[in-house]
Participant: 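This is the structure, below, for whatever I ask next.
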Amino acid sequence: MGNKFLELLRNIFDKYKIYSQITDIPSISRRYFVIGYFDGVLTIMGLIVGAHLSGEISNTLIIGAGFATALALAVSSGFGAYEAEIIEQSIKKKELEKAMLCEVGGVIETAHRIAVYISAFVHAVAPLIGALIPLIPYIIFSANVAYYDSLAIGFLSLFAVGFSFGRLSKTNVILAGLKFVLAGLITLTIITVLNPVH
């Protein structure tokens, strides 16, 4: 039983390596994760700031609204990535067929199909994770106390995303992290200034 399971895992991993060589799945997935995670963190931080500006806050309200927003963002991101990658992988497949002067199928066609599924999954999961993390303080503390902890966690998350983006793009990781934090600060400032409830 154990050997069969290991053999199955090895087989899946070997296929994944082949698919990755054909479609560059890891690179696409990394980009989708960074973008999705950033969207998730910033969206929920905006929701939290907006809720506190309204003056009518509760842990239940923020957790409920935050979780619903996180799920909606995950579905939206996953579906958007799925539709975008169907087109993108189709273009790549046609370019390959043009270069080879024949239609391609088999493992190449499967690789492009798997790339679509993995990209959509990563882009759905990333914003969900990013969105749920700033909500954790509201599970533990009162709403007023959780507010500052949540913002701190959110900005640390944004810095981590920027740091990761800097590593991917081989640029200054600290500067990249600070750019993402600045994007968060600008967004929350705009929300605060333009919010109609105050």
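The first residue in the sequence is number 1, and the count goes up from there.
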Participant: Taking L185 as the starting point, is it possible to reach V161 by hopping between hydrophobic residues whose side chains are less than 4.5 Å apart?
Facilitator: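 Yes, because V161 and L185 connect within a single hydrophobic cluster, where side-chain heavy atoms sit under 4.5 Å apart.
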Participant: Just verifying a value: how many Å separate L182 CG and I186 CD1, rounded to the nearest 0.5 Å?
Facilitator: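 Answer rounded to 0.5 Å: 4.0 Å.
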Participant: Going by the rule side chain to side chain contact (heavy atoms under 4.5 Å, CB included), which residues pair with L175 if we only count those two or more places apart in sequence or in a different chain?
Facilitator: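 Side chain to side chain contact (heavy atoms under 4.5 Å, CB included) list for L175, sorted by chain: N172, K179.
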Participant: State which residues pass side chain to side chain contact (heavy atoms under 4.5 Å, CB included) with I136; sequence neighbours excluded, sorted by chain then number.
Facilitator: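 Checked I136 against side chain to side chain contact (heavy atoms under 4.5 Å, CB included); matches are I140.
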Participant: How long is the straight-line distance from CG of L156 back to CG of L151, given to the nearest 0.5 Å?
Facilitator: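 It is 11.0 Å, given to the nearest 0.5 Å.
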Participant: In chain order, what residues pass the side-chain hydrogen bond (donor to acceptor under 3.5 Å, both in side chains) check against T171, with sequence neighbours excluded?
Facilitator: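 Per chain and number, T171 pairs via side-chain hydrogen bond (donor to acceptor under 3.5 Å, both in side chains) with S169.
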Participant: Using a 3.5 Å cut-off and no angle test, enumerate the donor-acceptor pairs between side-chain atoms of residues 26-49 and protein atoms at least two apart in sequence or in another chain.
Facilitator:
residue : atom : partner : partner atom : Å
S27     : OG   : R31     : NH1          : 3.0
S29     : OG   : I25     : O            : 2.9
Y32     : OH   : E85     : OE2          : 2.9
T43     : OG1  : D39     : O            : 2.6

Participant: In terms of hydrophobic clustering (I, L, V, M, F, W, Y; side-chain heavy atoms under 4.5 Å; direct or indirect links), are F13 and I118 co-clustered?
Facilitator: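 Hydrophobic grouping puts F13 apart from I118.
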Participant: Quick check for you: to the nearest 0.5 Å, what is the distance between L194 atom CG and L53 atom CG?
Facilitator: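 Separation between the atoms: 11.0 Å.
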Participant: Tell me, do L188 and I191 make a side-chain contact under 4.5 Å, heavy atoms counted?
Facilitator: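 L188 reaches I191 side chain to side chain.
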Participant: Enumerate the ring pair (Phe, Tyr, Trp, His ring centres under 6.0 Å) contacts for residues 142-161, please, sequence neighbours excluded, ordered by first and then second residue.
Facilitator: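 Residue pairs with at least one partner in residues 142-161: H52-Y147.
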Participant: Between S119 and V116, is there a donor-acceptor pair closer than 3.5 Å when you use the side chain of the first and the backbone of the second?
Facilitator: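 Checked: no pair found.
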Participant: Just distance, no hydrogens or angles: give the donor-acceptor pairs under 3.5 Å from side chains in residues 59-79, sequence neighbours left out.
Facilitator:
residue : atom : partner : partner atom : Å
N59     : OD1  : A143    : N            : 3.0
N59     : ND2  : Y138    : O            : 2.7
N59     : ND2  : F141    : O            : 2.5
T69     : OG1  : A65     : O            : 2.7
S77     : OG   : L73     : O            : 2.8

Participant: Using 0.5 Å steps for rounding, measure from the CD1 atom of I129 to the OG atom of S157.
Facilitator: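 Interatomic distance, I129 CD1 to S157 OG, rounded to 0.5 Å: 11.0 Å.
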Participant: Could you pull out all residues at least two apart from S90 that satisfy side chain to side chain contact (heavy atoms under 4.5 Å, CB included)?
Facilitator: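 With sequence neighbours excluded, S90 shows a side chain to side chain contact (heavy atoms under 4.5 Å, CB included) to K94, given in chain and number order.
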Participant: Which atom pair, heavy atoms only, marks the closest approach of A176 to G162?
Facilitator: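 Here A176 and G162 meet closest at CB-O, 3.1 Å.
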Participant: Side chains of Y82 and F121, heavy atoms from C-beta outward: is any pair under 4.5 Å?
Facilitator: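 Contact flag for Y82/F121 side chains = no.
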